[in-house]
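Each remark here refers to the structure printed beneath this line.
Worth saying up front: this structure is predicted, and the values here are computed from it rather than measured. Letters go in sequence order (proteins before strands), and every chain restarts at 1.
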Number of protein chains: 2
Amino acid sequence: MSPRSEEQNEAIKDERREQILSGALRVFARKGFAAAKISDIVSRSGVSHGLVYHYFDSKEEIFFELLKRAIDTSSETLLMVDGMPISPLEKVRQTAQYILRGIGEFEESAYYFLIVIHASVMEGPKHYQDKYLEASTALTTMADILAEGQKTGEIRPGDTLQMSTVFFSAIQGLAMYKLAMADFEVPDPEILVNIVRK
Amino acid sequence: MSPRSEEQNEAIKDERREQILSGALRVFARKGFAAAKISDIVSRSGVSHGLVYHYFDSKEEIFFELLKRAIDTSSETLLMVDGMPISPLEKVRQTAQYILRGIGEFEESAYYFLIVIHASVMEGPKHYQDKYLEASTALTTMADILAEGQKTGEIRPGDTLQMSTVFFSAIQGLAMYKLAMADFEVPDPEILVNIVRK
DNA sequence: GTCTATATCCAGATAGAC
DNA sequence: GTCTATCTGGATATAGAC
């Protein structure tokens, strides 16, 4: 038997973990936390039942890892756009374009939105909700951008938090339509921009 | 023992059914079909475990009844608005006002939206999806209204089905925010109107 | 019409072989 | 590192008393 190096073992471990998470993403998104069965994840990811529990302590831990990724990614996206040297309206446009492209091109992207929805709306372990609160920073970040845009006159007058909420509501809703309807086509990002544009 | 009349028995049966459905609505909305336990419904509705199965054949039948009500109600609402002798833009405004008021005032209303989401996005019995397809008539009905409005110049140019999809996406998303956030306040309906208004 | 008690099945998690 | 076999709890649904 040829012994494997530490690095090789680490690489294998990472690969298996990702393999499991990738299958679990689809299963959790489509079924929700409680309805998702370990056996579903096993089928999707092609590993054995026992191996899942070798890499994760519980079903809950797998879900939480996915939730973490979903929220971290969306926060980073918004901070990235906010840091660009462009006008407020253009920031809104970039956000809409970026997210909608993701939903259209990668099914994974829509699944991550569903994970957040499950964690936030559905009853479950309390720390899901806690983690979710971090996601609401997106709402206020966008509201701040809109307020700037009101000063420059690019953005409609009105309650910026409400506008921000409608903007993200539409995005979440679109992610769901994408998964619900087979022939769904991603709408023109400009329709989202129209929510706030003067 | 004083015998009860047929009518009284019927009234009791109806009342119990509604009692069960009312509790089940909240449970299914918050947990999804698979995660909802009969014992949850029992706690919420205040009847015994056995009685639930006296009035319904299965958990599935309860869910389906709720789904039916959700979809029938939303179809009727849209047809009602469409039948009003008002301009296309005004029809959009009435729809937004009516639905948002419902979401704001009655928690029940937001729950029904969640029921539809569960049925459409989550994996489950196939006939849920079939039933759900009826709900998509709302999308096309609204698209038709928008097309009329484009002729009269009240509505923005562009793909009307896409605009209709964004409009309803936002509504669905708002229903979720309502249930996810404790301090949620319903936004001004005019923000939704702005999606399509020229 | 309503309840409690129980049968049956299936899921999450563990143990231990290879 | 990976697998199969098994334990154990809990859920749906049923049976039958009141």
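- For B:Ile38, taking side-chain heavy atoms from C-beta onward, the closest of the listed nucleotides D:dT12, D:dG1, D:dC3 is D:dT12.
- Among the nucleotides C:dG12, D:dC3, C:dT2, the one closest to any side-chain atom of B:Tyr55 is C:dT2.
- Atom CD in B:Glu60 sits about 14 Å away from atom C1' in D:dA13, given to the nearest Å.
- Rounded to whole angstrom, the span from the CG atom of A:Asp40 across to the C1' atom of C:dA13 amounts to 16 Å.
- The side chain of A:His54 places an N or O atom within less than 4.0 Å of a non-bridging phosphate oxygen (OP1 or OP2) of D:dG1.
- To the nearest angstrom, P of D:dG1 lies 12 Å from CD of A:Gln8.
- Contact annotation: A:Arg16 reaches the phosphate of D:dT2 (side-chain N/O to OP1 or OP2, under 4.0 Å).
- For the pair B:Glu61 CD and D:dT12 C1', the computed distance is 15 Å after rounding to whole Å.
- Using a 4.0 Å heavy-atom distance criterion, A:Phe56 is classed as making no nucleic acid contact.
- Look at B:Glu90 and B:Arg93 and you find a salt bridge, because one of the NZ, NE, NH1 or NH2 atoms lies within 4.0 Å of a carboxylate O, short of that distance.
- Between the CZ atom of B:Phe167 and the CG atom of B:Leu139 there is a distance of 11.0 Å, given to the nearest 0.5 Å.
- Residues B:Gln162 and A:Glu190 fail the side-chain proximity criterion, which asks for heavy atoms closer than 4.5 Å.
- Atom-to-atom, CD of A:Gln19 to C1' of D:dG1 comes out at 13 Å; the value is rounded to the nearest Å.
- Between the CD atom of B:Glu18 and the P atom of C:dG1 there is a distance of 16 Å, given to the nearest Å.
- With C:dA11, C:dC3, D:dC3 as the choices, the nucleotide that has an atom nearest any side-chain atom of B:Leu51 turns out to be C:dC3.
- Remark: P of C:dG12 and CD1 of A:Ile20 are 14 Å apart, rounded to the nearest angstrom.
- In this pair, B:Phe33 and B:Phe28 present their aromatic rings parallel. The plane angle is below 30°, not in the 30 to 60° band.
- Scanning both residues, B:Val81 and B:Lys91, for their nearest heavy atoms gives CG1-O, 3.4 Å.
- Heavy atoms of A:Ala36 sit under 4.0 angstrom from primed sugar atoms or phosphate atoms, though from no base atom.
- Minimum atom distance to the side chain of B:Lys59 is reached by D:dT12, of the listed D:dT12, C:dC3, C:dA11.
- When distances run from any side-chain atom of A:Asn9 to the nucleotides C:dT2, D:dC3, D:dG1, the shortest one goes to D:dG1.
- Across D:dT12, C:dG12, C:dT2, the shortest atom-to-atom separation from the side chain of B:His49 is found for D:dT12.
- Here C:dG12 presents its P atom at 8 Å from NZ of A:Lys37, a figure rounded to the nearest Å.
- Side-chain N/O atoms of A:Tyr53 include none lying less than 4.0 angstrom from OP1 or OP2 on C:dT14.
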